[in-house]
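Shown next, in structure tokens, is the structure this report addresses.
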Number of protein chains: 2
Amino acid sequence: MRTDQRIVLAMAELMRRQGYAATGINQLASAAGAPTGSLYHHFKGGKREIAAAALRQTGAAYIQLLPLLLDPYDDLATGIEAAFAAAATDMRNTGWANMCPIGTVTGEVADTEPLLRAVAAEVMTAWVDEGSRYFADRGLSESDARSVTFAVLTALEGAFLLARGLRSDEPFLAAGRTVAMYVASLPASPPTPGSVVPGSRGA
Amino acid sequence: MRTDQRIVLAMAELMRRQGYAATGINQLASAAGAPTGSLYHHFKGGKREIAAAALRQTGAAYIQLLPLLLDPYDDLATGIEAAFAAAATDMRNTGWANMCPIGTVTGEVADTEPLLRAVAAEVMTAWVDEGSRYFADRGLSESDARSVTFAVLTALEGAFLLARGLRSDEPFLAAGRTVAMYVASLPASPPTPGSVVPGSRGA
DNA sequence: GTCTATAAGAGGATAGAC
DNA sequence: GTCTATCCTCTTATAGAC
């Protein structure tokens, strides 16, 4: 793998475990298998620029999980509950390490690192846009699709946090059940081929 | 106010804005209006011990908001949605500074600071216990009460995170609506004086 | 109990040889 | 493009005067 890719990957991994401030350049260099000089050769902006790249890359990868996890389920609510359960299992198996550096870092730097806050906002906005598009394609109205996207994202990030603190998967299960219940209560069932759902958009 | 109280308060304030790692002893000392020596006089464990005290104190204060915010509403679902909206307004008015140091810090230190992770778990456990008791008193079954507590806490912490990154109150509104919908779907209506709700506990 | 001065080390970043 | 050595700042923590 290319050196700059190794650096970004190592940064993402370290940030999701210990955040931005606690991650040192030397620790990062040794984790990436590169001397400190290489870091500044590839990223003239130093630690901050590496963190920005790591957030962007992880954020983009992260949202791709949505269709991957939900497509297999005909019923959206069922799929969402299953996805939360899967996330819980993943976290348990990795010793309750967070899966999402954006979540770990945003709270930490929102007031002190304008660049990283902006990158986080950019990533989250993309999440909301892509999530809304996906749920709209699954038959929800545009406004419901956006609402569900926020519901999923907030519940997921909150569940990461509580699960990480409590070392329990109970937050995931409760959060998943809650969002699933909400989705199930919405009008417009999943689109069956040939049917036209009023209020839904394109496909 | 006593010096040690000022120190703990300043620590809580700094942690919720910038987390644990980024908060330095000198910054803390000047924020608390005390020289560094005083910090170590009152807290022999240094920064870590001060952080632990701040988390405990804030956590205890935090959960007291639950009855304060929900008691005025006869309908639990309506109250929850209103509470989320109130939190959104509060955050907007404070320039999207986080209201909850436990949330900001837990993600950051869960893998690296065993003591603080344990304190976070202790605080969160108290949240769950007190929340469950409150919702049970409001007429939910014990298992539903616990589930709703987790739903509220995860949605709230997640909404803090996304609202902080996006600088928007949309996450709060969507999260509040979701949890309210879930609560409204549960059996057992709010207890009216004199009625006995099966499965509910004490009073 | 309060405050000053300082120790000992780690932090991010850079220069320049290779 | 890789790596080493180093600069300077800032960190936590302590010692000891008041």
Side-chain angles (χ1 to χ4, degrees), chain A residues 1-55 57 101 104-105 108-119, chain B residues 1-55 101 104-105 108-109 111-119:
Chain A
M1 197 188 302
R2 270 170 45 200
T3 302
D4 57 341
Q5 289 178 334
R6 284 206 319 275
I7 294 170
V8 169
L9 203 70
M11 186 57 151
E13 178 63 24
L14 286 170
M15 281 201 300
R16 78 178 189 179
R17 298 195 104 101
Q18 34 175 337
Y20 174 74
T23 297
I25 283 286
N26 288 325
Q27 184 186 20
L28 173 60
S30 84
T36 63
S38 279
L39 269 56
Y40 289 91
H41 173 77
H42 292 284
F43 302 91
K44 294 168 194 174
K47 178 179 172 177
R48 203 186 328 254
E49 188 185 329
I50 300 173
L55 289 180
Q57 178 167 314
T104 310
V105 169
E108 197 189 349
V109 302
D111 285 342
T112 51
E113 289 281 346
L115 170 68
L116 297 181
R117 209 278 314 171
V119 172
Chain B
M1 194 188 303
R2 269 169 45 199
T3 302
D4 57 340
Q5 289 177 332
R6 285 206 320 275
I7 294 170
V8 169
L9 204 70
M11 186 56 150
E13 177 63 23
L14 287 170
M15 280 201 300
R16 78 177 189 180
R17 296 195 105 100
Q18 33 175 321
Y20 174 74
T23 298
I25 284 285
N26 289 324
Q27 184 186 20
L28 172 61
S30 84
T36 62
S38 279
L39 270 56
Y40 289 91
H41 173 77
H42 292 285
F43 302 91
K44 295 170 195 174
K47 178 179 172 178
R48 205 188 326 258
E49 188 185 330
I50 299 172
L55 290 179
T104 310
V105 170
E108 198 189 347
V109 302
D111 284 343
T112 51
E113 289 281 346
L115 170 67
L116 297 181
R117 210 278 315 172
V119 172

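Just so we're clear, the structure is a prediction, and the values are computed from it rather than from any experiment.
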Requested in this report: Would you mind reading off the distance between Q27(A) atom CD and dG9(C) atom P, rounded to a whole angstrom?
Outcome: 20 Å

Query - Backbone N/O of T23(B) and side chain of K47(B): donor-acceptor pair under 3.5 Å - result: yes

Report summary line: Against the side chain of S38(A), the closest entry in dT2(D), dA13(D), dC3(C) is dT2(D)

**Report entry** Rounded distance (Å) that lies between atom P of dA15(C) and atom NE2 of H41(A)
**Finding:** 15 Å

Query raised in the report: Do E113(B) and R117(B) sit within salt-bridge range, that is, some charged N less than 4.0 Å from a carboxylate O?
Result: no

Report summary line: The nucleotide from dT2(C), dT2(D), dT4(C) with an atom nearest the side chain of P35(A) is dT2(D)

Query raised in the report: What integer distance in Å separates I25(B):CD1 from dT11(D):C1'?
Result: 9 Å

Query raised in the report: Rounded to the nearest Å, what distance is computed from the OH atom of residue Y40(A) to the C1' atom of nucleotide dC3(D)?
Result: 15 Å

Report task. Give the rounded distance in Å between these two atoms: CG of D4(B) and C1' of dT2(C). Result -> 14 Å

Requested in this report: Indicate, with a heavy-atom threshold strictly under 4.0 Å, whether G24(B) touches base, sugar-phosphate, or nothing.
Outcome: sugar-phosphate

**Report entry** Earlier contact from the 5' end, DNA chain C, for H42(B) and Y20(A)
**Finding:** H42(B)

**Report entry** Nearest-Å distance for atom pair CG/P, residues L39(A) and dA15(C)
**Finding:** 16 Å

Query raised in the report: Is there a donor-acceptor contact under 3.5 Å from the side chain of E108(A) to the main chain of E108(B)?
Result: no

Query raised in the report: Quick one: does R6(B)'s side chain have a donor or acceptor within less than 3.5 Å of a partner on M1(B)'s backbone?
Result: yes

Query raised in the report: N26(B) has an atom CG; how far is it from atom P of dA5(C), in whole Å?
Result: 14 Å

Query raised in the report: Base, sugar-phosphate, or nothing for T3(A), non-hydrogen atoms under 4.0 angstrom?
Result: sugar-phosphate

Query - Length of the line joining R2(A):CZ and dT2(D):P, which is rounded to integer Å - result: 10 Å

